[in-house]
Asker: 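Before we start, here is the structure in question, set down as structure tokens.
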Amino acid sequence: MPMTPLNVTHPFLDADGDKLREECGIFGAINAADASAATALGLHALQHRGQEAAGIVSWDGKEFFVRRGLGHVAENFSSPEAIAELPGHMAAGHVRYSTTGGSGLRNVQPLYADLASGGFAVAHNGNISNAMMLRADLVGKGSIFQSTSDTEVIIHLVATSRYPTIADRLVDALRLVEGAYALIVMTPEGMIACRDPLGIRPLVMGRMGESILFASETVAFDVVGAEVIREVEPGELVLVDFSGEIRSVRPFGNPSPRPCIFEHVYFSRPDSVFAGRSVYEARKAIGAQLALEAPCEADLVVPVPDSGVPAAIGFAQQSGIPFELGIIRSHYVGRTFIQPSDGARHSSVKRKHNANRSLVEGKRIVLIDDSIVRGTTSLKIVEMMREAGAAEVHFRVASPPTAHSCFYGVDTPERSKLLAARMELEPMRQFIKADSLAFISIDGLYRAVGHEGRDAVRPQFCDACFTGDYPTSLTDLAQTEQKSAELPFADPKAA
């Protein structure tokens with residue numbers, strides 16, 4: 001992922017800057033007759049995980065081929081000519097969101113380099129939280145970087161490792177890395193897929209005939225016609241060679257896994273399976289739990305589309321309040337249409353959502369959304385419902401308050417811009433102008449996804465955006481904060 005100054009607001013969180021976005025999706029295929037075509041199709045199923053750029057690297061047994069482009073997968077890999085540029089029986093691909101300082105083709109993955117051992121390509125989902133420190137050390141020793149991506153740090157660490165095999169060099173490199181990563185690596189010897197020791201970012205393995213596939217989500221296998229084998233386990237490296245042999249190594253011990261719980265809430269497609277549970281069923285269960293914790297007297301349950309729909313169904317079924325599509329979403333609002341002016345930003349919600357006036361007029365409405373980030377979108381949607389004649393507008397949120405930034409591969413605003421970091425519940429309600437506001441509790445969220453509650457000693461998921469309990473060290477953040485504290489600020493009273 002692109003390395004950017006920590007706690008910087010990213011411009012592509014949403015058209016209105018008010019949705020958390022997973023930054024990446026990855027897909028790989030080895031021993032497949034049409035590896036690049038399967039990879040393009042798999043990436044298309046993962047398009048929701050990154051819509052700014054896409055790339056594919058293939059290997060034909062002699063050399064590597066690379067094609068990258070800005071925009072959607074279909075814009076870059078839908079033609080036979082594009083796929084023909086990527087021959088071979090092994091390919092890996094990547095979709096991404098760009099971030100501040102990180103746009104442009106040089107940061108589009110998979111990244112590729114010629115090492116002493118041969119070609120090396122890597123697709124990375126996640127974020128390395130000590131990348132700036134590692135980069136500074138590598139540059140000091142003579143490394144020359146071609147991108148601003150933290151992923152390139154892994155390539156340089158592999159290149160400078162003294163271990164004999166490429167797998168050992170990768171393990172040696174990853175021992176120096178902290179943070180979150182799901183990786184698909186291609187070498188002349190085969191494909192390696194791995195997750196960080198806590199399994200923060202997702203990765204699953206599948207089979208299609210004689211070929212082995214890897215993807216960020218199971219839905220990618222559904223689209224290409226493959227069967228799911230299993231998850232790549234936290235801290236596991238799966239090595240697949242061209243004879244079809246599959247080896248598994250676990251060089252990082254067995255720490256308690258901490259997969260990102262927001263995959264259940266928002267990131268994954270509803271038709272995926274994450275951590276052994278249907279995402280759709282989990283979201284319905286979250287909605288049902290929310291109805292138990294925060295009941296409401298109302299006439300209609302209305303989802304904020306599309307991410308609020310499964311939770312709204314669960315809320316309606318549990319509460320007995322009818323579910324209705326009181327908001328209709330346009331699916332044709334592209335990012336190229338967004339203009340960088342305040343007026344355009346302020347009108348983005350109405351371009352994307354429109355109230356179903358004949359349905360909501362005179363009704364008491366319960367709005368269900370997956371999260372509140374800055375609160376600006378929630379405010380505009382509440383106002384839109386009131387303008388359409390809703391008698392009351394109550395707001396229910398299918399996640400706990402998002403009060404902390406993510407440093408593991410998710411675009412989040414700096415903490416000072418997160419509504420829940422600035423306000424308690426009642427001021428938040430007043431800010432979005434709702435008649436009532438409630439969030440699911442952290443224990444309720446855990447119960448909805450299949451646990452008795454959150455284990456405070458050994459949390460079952462990474463939930464740092466809700467709790468501030470970061471499961472790894474944040475070296476770059478600590479160093480940045482230390483440098484900021486050492487800056488000589490003038491005494492404002494002296495003026």
Side-chain angles (χ1 to χ4, degrees), residues 25-39 41-43 45-46 56-61 64 88-94 110 117-126 154 158 163-175 181-199 201-254 257 259 272-276:
I26 58 177
F27 187 96
I30 182 171
N31 299 324
D34 299 302
S36 58
T39 298
L41 193 57
L43 291 180
L46 300 173
I56 295 176
V57 175
S58 72
W59 162 255
D60 72 347
F64 286 86
H89 289 69
M90 179 172 67
H94 189 275
S117 57
F120 185 93
V122 58
H124 171 208
N125 173 25
I154 296 173
V158 171
Y163 280 84
T165 70
I166 196 68
D168 287 338
R169 291 178 189 174
L170 180 61
V171 170
D172 187 37
L174 295 179
R175 289 190 190 281
Y181 55 82
L183 303 176
I184 296 175
V185 172
M186 295 168 53
T187 77
E189 298 173 7
M191 181 171 283
I192 305 172
C194 63
R195 289 172 77 188
D196 64 80
L198 298 179
R201 300 263 68 85
L203 192 62
V204 289
M205 178 167 58
R207 183 186 299 275
M208 184 174 62
E210 298 300 315
S211 60
I212 297 297
L213 312 177
F214 298 96
S216 295
E217 293 184 37
T218 61
V219 69
F221 298 154
D222 297 337
V223 170
V224 302
E227 62 175 316
V228 178
I229 298 176
R230 62 176 177 86
E231 288 190 350
V232 176
E233 297 295 327
E236 179 186 21
L237 276 73
V238 179
L239 300 90
V240 187
D241 65 20
F242 295 110
S243 71
E245 181 185 357
I246 303 173
R247 292 191 296 123
S248 170
V249 295
R250 300 172 184 268
F252 306 114
N254 292 292
S272 283
V273 174
F274 173 68

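Nothing here was measured: the structure is a model prediction, and the numbers come from that model.
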Asker: From R195 CZ over to E233 CD, what is the distance, rounded to the nearest 0.5 angstrom?
Answerer: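 Nearest 0.5 Å value for the CZ-CD distance: 7.0 Å.
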Asker: So with a 6.0 Å cut-off around CG of D60, is the heavy-atom count from everything else above 12?
Answerer: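 Count over threshold, so yes.
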Asker: Kindly write out the residues that satisfy side-chain contact (heavy atoms from CB on, under 4.5 Å) with N31, not counting sequence neighbours, or none if the list is empty.
Answerer: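 Testing N31 for side-chain contact (heavy atoms from CB on, under 4.5 Å), a comparison that skips the adjacent residues, returns V240, F242.
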Asker: Donor-acceptor pair, R230 side chain versus M205 backbone, under 3.5 Å?
Answerer: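 Judged by distance alone, no pair lies under 3.5 Å.
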Asker: If we only count heavy atoms from C-beta on, is the L237 to L170 side-chain gap below 4.5 Å?
Answerer: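 Side-chain contact under 4.5 Å: yes.
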Asker: Using every non-hydrogen atom in the two residues, find where F221 and E227 come nearest and quote the distance to one decimal.
Answerer: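 The answer is CD1-O, 4.5 Å.
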Asker: Could you grab the distance from atom CG of L43 to atom CD1 of I56, nearest 0.5 Å is fine?
Answerer: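 Nearest 0.5 Å value for the CG-CD1 distance: 5.0 Å.
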Asker: Is there a side-chain contact between M191 and I212 in this structure, where contact means two heavy atoms from C-beta onward sitting under 4.5 Å apart?
Answerer: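 No, their side chains stay 4.5 Å or more apart.
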Asker: I'd like to know if the side chain of T39 reaches the main chain of G28, judged simply by a donor and an acceptor atom lying under 3.5 Å from each other, with no hydrogens or angles considered.
Answerer: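 Looks like no, no N/O pair under 3.5 Å.
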Asker: Compare all side-chain heavy atoms of P234 with those of L198 and state whether any distance is below 4.5 angstrom.
Answerer: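 No, every pair of side-chain atoms sits at 4.5 Å or beyond.
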Asker: Is the side chain of D241 donor-acceptor paired with the backbone N or O of G244 at a distance under 3.5 Å, no angle test?
Answerer: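 Flag set: sc D241 to bb G244 pair under 3.5 Å.
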Asker: Is it the case that the side chain of R169 and the backbone of Y163 share a donor-acceptor pair, with hydrogens and angles ignored and the cut-off at 3.5 Å?
Answerer: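 Here the side-chain-to-backbone pair exists.
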Asker: Between F214 and I26, is a side chain to side chain contact (heavy atoms under 4.5 Å, CB included) present by the stated rule, with each step listed?
Answerer: CA-CA 8 Å; F214 298 96; I26 58 177; over 6 Å; no
Asker: Within the supplied structure, the quantity of interest is the number of heavy atoms (other residues, nucleotides, ligands) at a distance under 6.0 Å from R207 CZ; does it exceed 12?
Answerer: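 12 or below, so no.
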Asker: Is it the case that the side chain of S58 and the backbone of G88 share a donor-acceptor pair, with hydrogens and angles ignored and the cut-off at 3.5 Å?
Answerer: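 No.
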Asker: What's the shortest heavy-atom distance between A38 and M208, and which atoms?
Answerer: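 Looks like CB-CE, 4.2 Å.
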Asker: With distance as the sole test, does E217 use its side chain to make a donor-acceptor pair with the main-chain N or O of L46 at under 3.5 Å?
Answerer: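 A pair under 3.5 Å: no.
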Asker: Test your reading of the model: is there a side-chain donor-acceptor pair from N125 to the backbone of G25, 3.5 Å cut-off?
Answerer: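 Absent.
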Asker: Should L213 and F27 count as side-chain neighbours, where that means a heavy-atom distance under 4.5 Å?
Answerer: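 The answer is yes; the side chains approach within 4.5 Å.
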Asker: If you compare all heavy atoms of P259 against all heavy atoms of F274, which two are closest, and at what distance to 0.1 Å?
Answerer: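 That would be CB-CZ, 3.7 Å.
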Asker: For the backbone of Y181 and the side chain of H124, can you confirm whether one donor and one acceptor N or O come within less than 3.5 Å of each other?
Answerer: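 Checking the backbone N and O of Y181 against the side chain of H124, no donor-acceptor pair under 3.5 Å is found.
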Asker: If you measure from CD1 on I30 to CD1 on I246, what distance do you get to the nearest 0.5 Å?
Answerer: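 The CD1 atom of I30 sits 9.5 Å away from the CD1 atom of I246.
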Asker: Minimum heavy-atom separation for C194 to L174, with atom names?
Answerer: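 Between these two residues, the closest heavy atoms are SG-CD1, 3.8 Å.
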Asker: Compare every heavy atom of T187 with every heavy atom of M90, then report the nearest pair and how far apart it is.
Answerer: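 So the two residues come closest at CE-O, 3.3 Å.
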Asker: Distance from L183 atom CG to I154 atom CD1, nearest 0.5 Å?
Answerer: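 Taking CG in L183 and CD1 in I154, the distance rounds to 4.5 Å.
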Asker: Counting only N and O atoms by type, is there a donor-acceptor contact under 3.5 Å from the side chain of R201 to the main-chain atoms of A182?
Answerer: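 Side chain of R201 to backbone of A182: no pair is present.
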Asker: Rounded to the nearest 0.5 Å, what separation is found between the CZ atom of F252 and the CZ atom of R175?
Answerer: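 The distance works out to 6.0 Å.
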Asker: Minimum heavy-atom separation for S216 to V204, with atom names?
Answerer: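 Shortest heavy-atom contact: C-CG2, 4.5 Å.
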